[in-house]
Amino acid sequence: MASTPEVALNSTGGKDRQMESGYGASPVKLKSFSGLDFALRLLLFAFSLTALVVLLTSKQTVTIPVLTITITRSAKFTNSPAFIYLLVALSITTLYSFISLIISAASYRSKSSPSSSSLFKLMVIDLLLAGIMASATGCAGSTAYIGLKGNSHVLWNKICNNFETFCRHIGSSTLLSLIASAVLLLLVVLSSFTIYRRSR
């Protein structure tokens with residue numbers, strides 16, 4: 001009979017440790033968080049990969065009449081440092097999203113949740129990539145806007161009236177990159193909320 005309090009204490013301690021580690025009282029909620037994390041990372045991979053492919057295929061060659069002659073001009077993403085920056089950012093994000101998707105899928109299938117330290121590391125990387133993607137999208141978007149509208153104050157002519165296909169590709173890639181940035185922010189919020197729930 002003397003061992004009963006000790007057993008109860010061990011049982012209570014085990015429950016406390018389970019609650020602290022995040023694997024305790026609410027496995028359904030943990031599974032739902034893992035499922036949401038997997039869905040967001042799948043979206044991130046899809047958007048970033050699509051944006052990367054669209055950007056890589058943004059090339060067009062046109063023939064422009066000038067007075068009595070015609071000239072041939074080509075437009076491609078490598079002509080602008082802003083689009084090259086977006087290419088690098090999308091390449092890194094696509095690779096990271098694929099790796100993190102595999103980790104998230106393994107966690108979801110095993111019906112467990114990553115440790116708080118692992119979640120914190122993923123959150124930091126998500127936040128870093130969100131900043132990089134946002135800045136790259138902003139640079140590409142401003143350059144694309146000049147190509148669409150021009151800037152009469154500094155005599156920068158618009159080009160999208162001649163390179164329509166090229167501009168559509170750039171615009172689509174920029175929009176998809178913006179969505180990928182938003183998904184990264186949602187992942188940061190989800191990881192932060194999960195860590196907060198574990199600390200309670």
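Numbers here simply count residues along the sequence, with the first being 1.
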Item to check | Verdict with supporting geometry, L90 and S173, side-chain contact (heavy atoms from CB on, under 4.5 Å) | outcome: CA-CA 10 Å; L90 283 172; S173 180; 4.0 Å; yes

Give, for atom [atom1] of [X] and atom [atom2] of [Y], the distance between the pair rounded to the nearest 0.5 Å.
X: I195; Y: L190; atom1: CD1; atom2: CG; value: 10.0 Å
X: T194; Y: F120; atom1: OG1; atom2: CZ; value: 14.0 Å
X: T63; Y: R73; atom1: OG1; atom2: CZ; value: 10.5 Å
X: S104; Y: I99; atom1: OG; atom2: CD1; value: 13.5 Å
X: I92; Y: I125; atom1: CD1; atom2: CD1; value: 12.0 Å
X: F38; Y: S107; atom1: CZ; atom2: OG; value: 11.0 Å

Next on the checklist: Tell me which pairs pass disulfide (SG to SG under 2.5 Å) where either residue lies in residues 167-200, with sequence neighbours left out.
Outcome noted: C160-C167

Is [Y] reachable from [X] through a run of hydrophobic residues whose side-chain heavy atoms are each under 4.5 Å from the next?
X: F166; Y: L56; value: yes
X: F98; Y: V53; value: yes
X: Y85; Y: L55; value: yes
X: V62; Y: I159; value: yes
X: L40; Y: M133; value: yes

Checklist entry - Among all residues two or more places apart in sequence or in another chain, which pass the ring pair (Phe, Tyr, Trp, His ring centres under 6.0 Å) test with F193? => result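 For F193, the residues satisfying ring pair (Phe, Tyr, Trp, His ring centres under 6.0 Å) (neighbours in sequence not counted) are F33.
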
Checklist entry - Can you name the ring pair (Phe, Tyr, Trp, His ring centres under 6.0 Å) partners of Y145, sequence neighbours left out? => result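 Testing Y145 for ring pair (Phe, Tyr, Trp, His ring centres under 6.0 Å), a comparison that skips the adjacent residues, returns none.
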
So which heavy atom on [X] is nearest to which on [Y], and how close?
X: L129; Y: Y96; value: CD1-CD2, 3.2 Å
X: A140; Y: F83; value: O-CE2, 3.6 Å
X: S181; Y: T137; value: OG-OG1, 4.0 Å
X: S74; Y: T61; value: OG-OG1, 2.9 Å
X: K59; Y: F77; value: CE-CE2, 4.4 Å
X: I170; Y: S58; value: CD1-OG, 3.7 Å

Item to check | Verdict with supporting geometry, L52 and S91, side-chain contact (heavy atoms from CB on, under 4.5 Å) | outcome: CA-CA 7 Å; L52 180 61; S91 300; 3.7 Å; yes

Next on the checklist: When you measure from the side chain of S191 to the backbone of L187, do you find a donor-acceptor pair of N or O atoms at a distance under 3.5 Å?
Outcome noted: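 Flag set: sc S191 to bb L187 pair under 3.5 Å.
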
Item to check | Sidechain-backbone polar pair: N79 side chain, K76 backbone, donor-acceptor under 3.5 Å | outcome: yes

Checklist entry - In the hydrophobic cluster built from side-chain contacts under 4.5 Å, what are the other members alongside I146? => result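 Taking Ile, Leu, Val, Met, Phe, Trp and Tyr as members, I146 shares its hydrophobic cluster with V154, W156.
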
Next on the checklist: Applying salt bridge (Lys or Arg N to Asp or Glu O under 4.0 Å) as the test, list every pair that has at least one member in residues 123-140; sequence neighbours left out.
Outcome noted: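 Applying salt bridge (Lys or Arg N to Asp or Glu O under 4.0 Å) to every pair that reaches into residues 123-140, excluding sequence neighbours, yields R41-D126.
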
Next on the checklist: Suppose the criterion is salt bridge (Lys or Arg N to Asp or Glu O under 4.0 Å): which pairs have a residue in residues 43-52, not counting sequence neighbours?
Outcome noted: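 Passing the test, one end in residues 43-52: no pairs.
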
Checklist entry - Between V189 and L185, is a side-chain contact (heavy atoms from CB on, under 4.5 Å) present by the stated rule, with each step listed? => result CA-CA 6 Å; V189 172; L185 286 178; 5.6 Å; no

Next on the checklist: As a quick check of understanding, evaluate side-chain contact (heavy atoms from CB on, under 4.5 Å) for I132 and L128, giving each step before the final call.
Outcome noted: CA-CA 6 Å; I132 294 175; L128 178 62; 4.2 Å; yes

